[in-house]
Amino acid sequence: MQRHLITSAIPYINGIKHLGNLVGSQLPADLYARYQRARGNEVLFLCATDEHGTPAELAAAKAGKPVAEYCAEMHTIQAEIAKGFRLSFDHFGRSSSPQNHALTQHFAGRLADAGLIREVSEKQVYSNADGRFLPDRYIEGTCPNCGYEKARGDQCENCTKQLDPTDLIEPRSAVSGSTDLEVRETKHLYLRQSELKDDLDAWIDSKTDWPILTTSIAKKWLHDGDGLQDRGITRDLDWGIPVRRGDDDWPGMEGKVFYVWFDAPIEYIACASEWADAQGGADWERWWRTDKGADDVRYTQFMGKDNVPFHTLSFPATILGSGEPWKLVDHLKSFNYLNYDGGQFSTSQGRGVFMDQALELLPPDYWRWWLLANCPETSDSEFTWELFQQGVNKDLADVLGNFVSRVTKFCRSKFGEAVPAGGTYGAQEHALIAELDTRIARYADLMDAMEVRKSAQELRAIWVAGNEYLQAAAPWATIKEDADTAAMQIRLGLNLIALYGALSEPFIPDAAAQLQTSLNLGDPQWPENASEALAVLKPGHAFVVPDNLFAKISDEDRADWQERFAGVRS
RNA sequence: GGCGCGGUAGCUCAGCUGGUUAGAGCGCUCGACUCAUAAUCGAGAGGUCGGGAGUUCAAGUCUCCCCCACGCCA
């Protein structure tokens with residue numbers, strides 16, 4: 001039995017994620033986790049909300065709530081939506097958890113002991129009215145270059161000129177609008193990533209089986225310009241993990257917190273600890289410490305391409321620098337972007353379809369299937385309502401749903417709601433079994449390789465094989481002359497449904513469960529071989545004709561949704 | 001402006017280290033079937049693989065130049 005540790009990039013707490021976010025990490029991670037469980041492997045699948053940083057504070061302020069309360073509420077909402085999509089996390093944690101506090105402080109202490117942290121004194125804008133330091137992008141003013149009045153302290157979005165906050169004319173706080181700003185000196189801790197550059201380089205070089213997208217991004221960051229830069233790991237904020245050196249105070253760092261990019265990935269580890277505590281004290285270190293049983297764990301991370309640098313460099317730098325035997329990622333699967341109707345999905349602009357809205361329109365399987373079958377693996381891909389409608393109707397309703405329908409209803413009308421007895425396999429049946437053996441093996445190989453689109457294609461081909469067989473066997477004609485052979489044909493058809501349930505579960509868990517229930521079966525079993533799998537349902541086994549598995553999306557619905565989601569979410 | 005990823009049938013996409021008549025699904029046309037969610041199955045028509053030059057016995061697949069789209073960065 002293999003052991004798989006699987007993590008999805010952790011979504012930021014600020015707001016509900018859109019379908020592009022979903023398909024770029026959580027959904028394919030769930031597919032892989034479900035598949036590995038189905039194969040009988042031990043899986044720990046973790047995700048969490050990323051809760052620290054200025055955007056969270058500001059969102060909370062906007063909502064008129066204390067930030068801790070806001071985060072707790074948003075975490076609950078995101079957890080509910082994740083359930084709605086059937087994301088099968090073993091634990092959905094929080095980067096603000098006590099476990100992550102302790103672990104982040106621990107790592108900072110280890111890094112300091114290893115001489116990998118240095119203090120830097122820098123100037124930063126302080127807002128007296130807000131009583132806080134302001135990150136560059138939360139300072140607004142008039143652009144000295146083009147005169148745009150809402151330029152941000154890091155860049156003018158009108159003329160795209162890069163700015164320094166002190167360049168702005170009449171700078172003001174984007175939080176309160178106050179102009180009572182001053183530049184203050186403040187001390188921060190920097191992680192000396194540059195010291196780890198060679199180690200990281202060698203480590204990346206050893207990953208010959210990683211996608212080019214992944215390694216090329218990592219290499220770019222390692223070698224471009226002056227190479228990997230040291231990076232600040234602290235901020236002058238209230239909300240976050242207090243800066244401590246392990247269990248000790250850190251003189252000079254009072255009132256500061258760790259920068260969100262530093263503590264967020266550590267939550268991958270802390271989340272396992274949260275999971276263990278939720279289980280009443282399971283052993284989580286056997287998943288994360290190679291000196292405590294994690295030697296045989298294969299760790300796979302899923303993320304969008306924008307997150308690759310953090311997972312290939314920043315987080316590994318933290319782990320390598322600690323000098324402790326924590327697990328490093330073995331395989332890293334990154335995704336491109338899903339576009340929405342010719343443009344980008346955008347959280348900040350409210351453009352596209354968001355996870356909560358999607359579930360209001362259709363059950364999760366519809367989205368899961370289409371998004372996975374069309375996920376942006378090799379390049380950006382396109383969501384349009386026409387493509388979505390076509391894909392869902394054809395694949396789910398016509399090919400799979402209708403197959404289930406025609407077999408079960410034919411059986412009910414000719415033999416009743418029990419698996420009919422009689423007849424023996426002929427050439428057609430043996431040919432089908434041979435084809436299925438080949439296809440199932442290929443499907444499994446593709447799923448193991450996380451070839452998401454190709455896996456979906458193969459699964460669909462397996463569904464189609466059922467329709468091809470039925471068309472050729474034509475039990476509706478057979479039954480007129482040879483009732484036994486017709487019984488065999490339809491018995492095979494019913495067993496195909498059971499097989500489809502088992503094979504399809506990672507993609508469409510609800511439909512799979514519905515099939516298991518209709519067929520009076522327990523948990524689906526992954527087929528050892530087609531021949532045995534197609535003998536699971538014995539003659540006499542009672543079943544119930546299920547409701548149609550999938551309803552088609554009508555042209556009216558499609559047009560309606562197209563219009564409804566054409567603008568931006570307010 | 002630099003960098004990155006792409007530009008393959010009407011649409012969405014496969015095509016590993018160069019090698020027989022370039023593939024799939026959808027859409028379209030025709031045919032078969034009538035058990036089924038007007039579903040299914042079969043057949044067919046569609047591409048000078050963005051443009052140009054080069055390397056080679058042989059290039060969608062390598063090299064160079066250019067054009068276009070998208071993304072990231074300065």
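For the numbers below, each heavy atom of this structure counts, side chains included, while hydrogens, waters and symmetry mates do not. So you know, we letter chains A, B, ... as the sequences are listed, proteins then strands, and number each from 1.
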- Listed nucleotide nearest any side-chain atom of A/Arg406, set B/rU40, B/rU37, B/rU12: B/rU40
- Using whole Å, report how far CG of A/Asp395 lies from P of B/rU40. 10 Å
- Query: Is B/rG23 in the syn or the anti form, by the rule that syn lies within 90° of 0?
  - Reply: anti
- Message: Mind checking if A/Phe403 touches a base, just sugar-phosphate, or nothing, with heavy atoms under 4.0 Å?
- Response: nothing
- Message: Contact between A/Gln26 and A/Cys47 at the side-chain level, heavy atoms closer than 4.5 Å - yes or no?
- Response: yes
- Message: I want to check one thing: is the phosphate of B/rA39, taken as OP1 and OP2, less than 4.0 Å away from some side-chain N or O of A/Lys552?
- Response: yes
- Task: Take the angle between the ring planes of A/Trp367 and A/Phe383 and call it parallel below 30°, perpendicular above 60°, tilted in between.
- Result: parallel
- Testing B/rC41, B/rC35, B/rG27 for proximity to the side chain of A/Lys394, the answer is B/rG27
- Query: Using a cut-off of 4.0 Å on non-hydrogen atoms, how would the nucleic acid contact of A/Asn467 be classed: base, sugar-phosphate, or nothing?
  - Reply: sugar-phosphate
- Message: Can you tell me whether the side chain of A/Asn402 and the base of B/rA39 have a donor-acceptor pair closer than 3.5 Å?
- Response: no
- Give a yes/no on whether any side-chain N or O of A/Lys454 is located under 4.0 angstrom from OP1 or OP2 of B/rG15. yes
Interface polar pairs with nucleotides 31-33 of chain B, N/O, under 3.5 angstrom:
from   : atom 1 : to       : atom 2 : distance (Å)
B/rC33 : O2'    : A/Trp476 : NE1    : 3.4

- Is the distance between the ring centroids of A/Tyr366 and A/Phe388 under 6.0 Å? no
- Query: Does A/Arg460 make a side-chain N or O approach to OP1 or OP2 of B/rC26 shorter than 4.0 Å?
  - Reply: yes
- Please work out which of the three classes, parallel, tilted or perpendicular, describes the rings of A/Trp463 and A/Trp369, given edges at 30° and 60°. tilted
- Message: Expressed as a whole number of angstroms, how long is the span from A/Gln457:CD to B/rG23:P?
- Response: 16 Å
- Restricting to pairs with a member in residues 412-436 of chain A, which pass salt bridge (Lys or Arg N to Asp or Glu O under 4.0 Å), not counting sequence neighbours? A/Glu435-A/Arg439
- Query: Would you say B/rU37 has OP1 or OP2 under 4.0 Å from some side-chain N or O of A/Lys409?
  - Reply: yes
- Task: Quick one: stems involving RNA chain B, counted as three or more successive Watson-Crick or G-U pairs, both distances short of 3.5 Å.
- Result: B:1-4 with B:70-73, B:10-13 with B:23-26, B:28-32 with B:40-44, B:50-54 with B:62-66
Between N or O atoms, less than 3.5 Å apart, protein on one side and nucleotides 42-45 of chain B on the other: list the pairs.
from   : atom 1 : to       : atom 2 : distance (Å)
B/rG42 : OP1    : A/Glu468 : OE2    : 3.4

- Message: When the C1' atoms of B/rC26 and B/rA39 are compared, how many Å lie between them, rounded to an integer?
- Response: 16 Å
- Message: Could you tell me how far apart A/Arg453 (CZ) and B/rC13 (P) are, to the nearest whole angstrom?
- Response: 6 Å
- Query: Is there a donor-acceptor pair closer than 3.5 Å between any side-chain N or O of A/Asn393 and the backbone N or O of A/Ile553?
  - Reply: yes
- Query: NA contact type, A/Ile479, heavy-atom cut-off 4.0 Å: base, sugar-phosphate, or nothing?
  - Reply: nothing
- Find the distance A/Phe335:CZ to B/rC13:P and express it as a whole number of Å. 15 Å
- Message: When you measure from the centre of the six-membered ring of A/Phe335, is the NZ or CZ of A/Lys333 closer than 6.0 Å and no more than 45° off the axis?
- Response: yes
- Message: Once ring-ring contact (aromatic ring centres under 6.0 Å, His included) is applied, do any residues pair with A/Trp476, and if so which ones, sequence neighbours excluded?
- Response: none
- Query: Less than 4.5 Å apart, any side-chain heavy atom of A/Leu537 and any of A/Leu519?
  - Reply: yes
- Message: According to side-chain hydrogen bond (donor to acceptor under 3.5 Å, both in side chains), who are the partners of A/Asp445, at least two apart in sequence or on a separate chain?
- Response: none
